[in-house]
Amino acid sequence: MYKDTDCGAPRASDIGKEIMVAGWVHRRRDHGNLIFVDLRDRTGLLQVVFNPEVAPEAHSLAEGMRSEWVIQATGKIRARLPGAANPNLDTGEVELIVSDSQVLNRSLTPPFEVEDDTDADESTRMANRFIDIRRPEMLSRLQLRHRVTHLIWDHLTDNGFTQVETPILIKSTPEGARDYVVPSRVRPGAFYALPQSPQQMKQMLMVCGVERYFQIARCFRDEDLRADRQPEHTQLDLEMSFVHQGDVMGLVEGLYARIVSETRPDAKLGTPFTKLSYDEAIERYGSDKPDTRFGLEMCTITEIAAKSEARVFQAVAGSGGTIRAFSAPGCADYTRRQTDQLIDVARAAGAQGLVYIAIDKSAAAIDEIEDGHIRSPLKNYMSVEIVKEIATAADASPGDLVLIVAGTQAIANNALSALRTEMAERLELIDPDEFKFAWVYDFPLFEWDEESQSWAPAHHVFSAPKQEHIQYIESDPGRVYADLFDLTCNGVELGSGSIRIHDPEVQMKVFNVIGYPDHEIEDRFGHLLKAFRYGAPPHGGMGLGLDRITAMLAGQSNIREVIAFPKTQSAWDPLFDAPSAIADDQLDELHIAVNVED
RNA sequence: GGCCCCGUGGUGUAGUGGCCUAACACGCCUCCCUGUCAAGGAGGAGAUCGGCAGUUCGAAUCUGCUCGGGGUCGCCA
């Protein structure tokens, strides 16, 4: 070993000990004779002192040392001079007086400094990740990620799970996201696909009798990137046999509560987790992943608003749309500029516009609102009575600003949901140290796809309809709900699960509703359907994004911050320069002709 | 594919038509300095302003195209 002690370890109790440390030169302070080096390894910083009177050779070596050189130093731990302790360092009461030192490696001047508050641009950080990750903040995020996966292994092992690896080279079943594809050398013209998730394989494992499976699985999707989306992401994939919806939820809840409480003991964790049916989540929050750290709950006022003279409301109500609202407390004094900003938020979320009603705080009560208390662009088209009814429905008080969006269900909910988040931020209703988990369960099995004018699976084709709804599958698919559930936290979807269909006949009915032709069913799912005919146990499970929960635990909104080597928004790896062209003979061997215009 | 923001020494920024022979901070180099810890002092090097084309007597600055980064909508069963 090049060291017998970590840099972050020495304390006052170690004074007098002879130790050997090794690490990176974090900073060097040269006083001409005395030279101080802050030596850094993964555990922290130690002040290392080179004194020419104590060790002249080591001192002259230290004169040449520069940032990020790798050095080794031997010497004695001693107390710092009185008044010279550094309370900002864990090792600040002591220092190493060097008797012997070696340069293990030199370093170019780093492109940016290794410090937590880096001001380097993210692309610079990514292209120099070997420097970036030396920053304690980044290193601790990787360590956090490790702790999370370790807890997953422990917890699931304790609960009878078996970790099984599934193949990365699988069959392409085009649907949903675009596949990443790998050519076959041995079978000219044929391609593997990388898994978008191990979905079919884990269900197969249930038929195999594994009963409780998990995997920290890499999943690949060739779709456009976002702050919370990479082309490859890591998912905690798990599946259980002989369970109902609540069993899976209970197990995952235990795991996630443990992860949060052990990695973020400072955080406020609400247990048991909130449970909302899908319908309730939409009604109260306009979203299937509501941030439940704050209220600002919504209400539907279609019928009340339709009674007004306002043509927008009448038109929307008359065409089967919905009119919804919520009340922003204390915002009645919003200026034109502020309400315009809210209108922009609504428009960005797809709404035509936004109607607001400001109820002046001088009103004694909602019942006693008078004309002079009301400020609204549609004031001339709404009677005081209607305003009272709307305000009552929205649970508004004098001084509040009622925000109203009319449109289709989807548009009204999207816009109001965006406004709800906006208002929570403006009103500072969000506690950043709170982890407010919420289960959303009983999703609809299908959703109507306007574009293709057909029913599509709301999540995926294997989710089981609720037993009592199976009768409607063919006659009224929109009425069928499923044992399908999402885990959300602070308005972010962390994972999604369901009880799966284990009856081949029900599965075929679902395929029929979606409109898959027989040959396609056979091609894509034949292997799984075949297995199901040999005694598939009832089963269900979840897939949970590891990047997102880790980012959340690290207090980051961008998952790149918890990924060692992430890709840019154009799916480029600036560190290793992937993807890149390959040699012609490599292409030949793979029977591939590249067709690129330049 | 749409929309928005950004691109100037190694790093982060300032400069929005001539005062730019491009400024500042950090970093880097040389010298001085025995207690600093974002050490200090003195001096110095380092950028044709992402690229191309155009407008102009004159472009970091205006216009067009393009490349790259970020955010977001579409997309992500």
Side-chain angles (χ1 to χ4, degrees), chain A residues 26-39 45-54 59 63-64 66-68 78 80-89 91-92 95 97 107-128 131-132 173-179 196-197 199-200 219-231 233 344-345 347-350 414 418 443 445-447 449 451-452 455-463 484 493 496 498 510-511 514 516 524-525 543 545 557-558 560 566-570 572 574:
Chain A
H26 187 65
R27 243 180 266 278
R28 192 183 70 109
R29 293 176 293 279
D30 186 344
H31 288 244
N33 274 316
L34 212 53
I35 297 173
F36 299 95
V37 165
D38 289 337
L39 193 65
L45 291 179
L46 179 65
Q47 175 163 285
V48 170
V49 187
F50 294 87
N51 187 328
E53 289 167 15
V54 176
H59 178 268
E63 284 182 319
R66 292 295 181 268
S67 286
E68 300 309 310
R78 70 179 186 194
R80 293 202 186 183
L81 293 183
N86 184 347
N88 298 321
L89 287 184
T91 60
E95 63 191 8
I97 178 72
S107 170
L108 298 174
T109 300
F112 52 92
E113 287 176 74
V114 176
E115 57 189 358
D116 274 346
D117 289 323
T118 185
D119 52 8
D121 187 76
E122 202 188 341
S123 54
T124 309
R125 291 174 49 206
M126 276 170 66
N128 297 280
I131 303 294
D132 191 38
T173 58
E175 180 186 1
R178 278 183 281 263
D179 282 328
Q196 296 178 23
S197 80
Q199 184 62 36
Q200 293 194 50
C219 305
F220 306 86
R221 290 175 191 181
D222 187 3
E223 294 294 341
D224 288 354
L225 279 65
R226 289 284 188 287
D228 60 354
R229 264 194 252 154
Q230 284 273 302
H233 77 278
D344 287 342
V345 171
R347 289 213 173 115
N414 276 348
F443 275 72
L445 183 56
F446 302 106
E447 56 192 28
D449 182 24
E451 208 172 306
S452 62
W455 291 101
H459 273 62
H460 61 60
V461 295
F462 307 109
S463 298
L484 218 168
E493 182 193 321
S496 178
S498 66
V510 169
F511 285 143
I514 300 166
Y516 288 160
R524 290 185 191 176
F525 311 112
S557 56
N558 189 323
R560 289 188 298 266
K567 292 181 177 60
T568 68
Q569 200 165 71
S570 54
W572 180 53

S.K.: What's the closest nucleotide to the side chain of Arg29(A) if the choices are rC37(B), rC75(B), rU34(B)?
M.R.: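 Comparing rC37(B), rC75(B), rU34(B) against the side chain of Arg29(A), the answer is rC37(B).
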S.K.: Classify the side chain of Glu95(A) and the base of rG35(B) as holding, or not holding, a donor-acceptor pair under 3.5 Å.
M.R.: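 Under the 3.5 Å cut-off, the side chain and the base do form a donor-acceptor pair.
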S.K.: Choosing from rG70(B), rC37(B), rG35(B), which nucleotide comes nearest the side chain of Asp38(A)?
M.R.: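 Looking only at side-chain atoms, Asp38(A) lies closest to rC37(B).
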S.K.: Does OP1 or OP2 of rC76(B) have a side-chain N or O of Gln196(A) closer than 4.0 Å?
M.R.: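 The answer is no; no side-chain N or O of Gln196(A) sits under 4.0 Å from OP1 or OP2.
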S.K.: Classify the side chain of Asp224(A) versus the base of rG74(B) as yes if they form a donor-acceptor pair under 3.5 Å and no if they do not.
M.R.: yes
S.K.: Of all the nucleotides listed (rC75(B), rG69(B), rU36(B)), which has the minimum atom distance to the side chain of Ser123(A)?
M.R.: rG69(B)
S.K.: Over how many whole Å does the gap from Asn128(A) atom CG to rG69(B) atom C1' extend?
M.R.: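 So the CG-C1' distance, Asn128(A) to rG69(B), works out to 14 Å.
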S.K.: To the nearest Å, give me how far apart CG (Leu225(A)) and P (rG71(B)) are.
M.R.: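 In whole Å, rG71(B) P and Leu225(A) CG are 9 Å from each other.
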S.K.: Tell me the partner of rC57(B), counting only Watson-Crick (N1-N3 plus N6-O4 or O6-N4) or G-U wobble (N1-O2 and O6-N3) with both under 3.5 Å; none if nothing fits.
M.R.: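 rG18(B) is the nucleotide pairing with rC57(B).
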S.K.: Taking the side chain as everything from C-beta on, heavy atoms only, tell me whether Arg80(A) gets closer than 4.5 Å to Asn86(A).
M.R.: yes
S.K.: Taking the minimum atom-to-atom distance to the side chain of Thr568(A), which one of rU11(B), rG69(B), rG35(B) wins?
M.R.: rG69(B)
S.K.: Have a look at Ala127(A) and say if it touches a base, only the backbone sugar-phosphate, or nothing, with a 4.0 Å heavy-atom cut-off.
M.R.: nothing
S.K.: Is any NZ, NE, NH1 or NH2 atom of the basic residue among Glu122(A) and Arg560(A) found under 4.0 Å from an Asp or Glu carboxylate oxygen of the other?
M.R.: yes
S.K.: Measure from the side chain of Thr109(A), starting at C-beta and using heavy atoms only, and say which of rC28(B), rC37(B), rG74(B) lies closest.
M.R.: rC28(B)
S.K.: In terms of the nearest nucleotide of RNA chain B, which residue is placed more toward the 5' end: Glu115(A) or Pro52(A)?
M.R.: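 Checking each residue's closest nucleotide, the 5'-ward one belongs to Glu115(A).
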S.K.: Should Arg28(A) be listed as having a side-chain N or O under 4.0 Å from OP1 or OP2 of rU36(B)?
M.R.: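 Arg28(A) to rU36(B) OP1/OP2: no side-chain N or O under 4.0 Å.
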S.K.: Could you tell me if the side chain of Pro574(A) sits less than 4.5 Å from the side chain of Thr568(A), heavy atoms only?
M.R.: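 Yes - at least one pair of side-chain heavy atoms lies under 4.5 Å apart.
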S.K.: Under 4.0 Å: is that the gap between some side-chain N or O of Thr124(A) and OP1 or OP2 of rG69(B)?
M.R.: no
S.K.: Check whether any side-chain nitrogen or oxygen of Asn33(A) sits under 4.0 Å from OP1 or OP2 of rU34(B), and answer yes or no.
M.R.: yes
S.K.: Check this for me: does the side-chain of Arg221(A) come within 3.5 Å of the base of rC75(B) through a donor and an acceptor?
M.R.: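 Result: no qualifying N/O pair found.
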S.K.: Kindly check if the number of other-residue, nucleotide or ligand heavy atoms within 6.0 Å of CG (Asp117(A)) is above 12?
M.R.: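 Open: at most 12 neighbouring heavy atoms sit under 6.0 Å from CG of Asp117(A).
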S.K.: Using heavy atoms to find the nearest nucleotide of RNA chain B for Asn51(A) and Phe112(A) separately, return the residue whose nucleotide is more 5′.
M.R.: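 The residue whose closest nucleotide sits nearer the 5' end is Phe112(A).
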S.K.: Between rG35(B), rC76(B), rG71(B), which nucleotide gets closest to the side-chain atoms of Asn558(A)?
M.R.: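 The nucleotide sitting nearest to the side chain is rG71(B).
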S.K.: Taking the side chain of Arg27(A) as its heavy atoms from C-beta onward, which of rG71(B), rU11(B), rA38(B) lies nearest to it?
M.R.: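 Minimum distance to the Arg27(A) side chain belongs to rA38(B).
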S.K.: Round to the nearest Å and state the distance from His26(A) atom NE2 to rC37(B) atom P.
M.R.: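 Going from NE2 in His26(A) over to P in rC37(B) covers 14 Å.
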S.K.: Looking at Arg29(A) and Asp38(A), does any basic side-chain N land under 4.0 Å from a carboxylate oxygen?
M.R.: yes
S.K.: Select one nucleotide: of rG69(B), rU30(B), rG71(B), the one nearest the side-chain heavy atoms of Arg66(A).
M.R.: rU30(B)
S.K.: Could you tell me whether the side chain of Arg80(A) has a donor or acceptor atom within less than 3.5 Å of a complementary atom in the base of rC37(B)?
M.R.: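 Result: at least one qualifying N/O pair found.
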S.K.: Mind checking whether Asn51(A) and His59(A) have side chains closer than 4.5 Å, heavy atoms only?
M.R.: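 With C-beta onward as the side chain, the pair stays apart.
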S.K.: Check this for me: does the side-chain of Arg229(A) come within 3.5 Å of the base of rC76(B) through a donor and an acceptor?
M.R.: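 Pair found.
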S.K.: OP1 or OP2 of rC33(B) versus the side-chain N and O atoms of His31(A): is any pair under 4.0 Å?
M.R.: no
S.K.: Check every strand shown and say whether Asp121(A) touches a base, only sugar-phosphate, or nothing at a heavy-atom separation below 4.0 Å.
M.R.: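 Sugar-phosphate only.
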S.K.: What is the distance from CE of Met126(A) to P of rG68(B), rounded to the nearest Å?
M.R.: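 One finds 14 Å between P of rG68(B) and CE of Met126(A), rounded.
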S.K.: Arg560(A) has a side chain; which of rC37(B), rC33(B), rG70(B) sits nearest to it?
M.R.: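 Nearest nucleotide to the side chain: rG70(B).
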S.K.: How close or far is atom P of rC67(B) from atom CD of Gln569(A), stated in whole angstroms?
M.R.: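 It works out to 15 Å between those atoms.
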S.K.: Searching all strands shown, indicate the nucleotide that pairs with rC24(B) (Watson-Crick or G-U wobble; both distances under 3.5 Å).
M.R.: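 rC24(B) is paired with rG12(B).
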S.K.: If we call it a pair only when both distances are under 3.5 Å in a Watson-Crick or G-U wobble match, what pairs with rG35(B)?
M.R.: none
S.K.: Regarding Ala120(A), tell me which of base, sugar-phosphate or nothing describes its non-hydrogen contacts under 4.0 Å with the strands shown.
M.R.: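 If one applies the 4.0 Å heavy-atom cut-off, Ala120(A) turns out to touch the sugar-phosphate alone, with no base involved.
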S.K.: Who is the Watson-Crick or G-U wobble partner of rG64(B), with both distances under 3.5 Å?
M.R.: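 Partner of rG64(B): rC52(B).
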S.K.: Do the side chain of Glu113(A) and the base of rU11(B) come within less than 3.5 angstrom through a donor-acceptor pair of N or O atoms?
M.R.: no
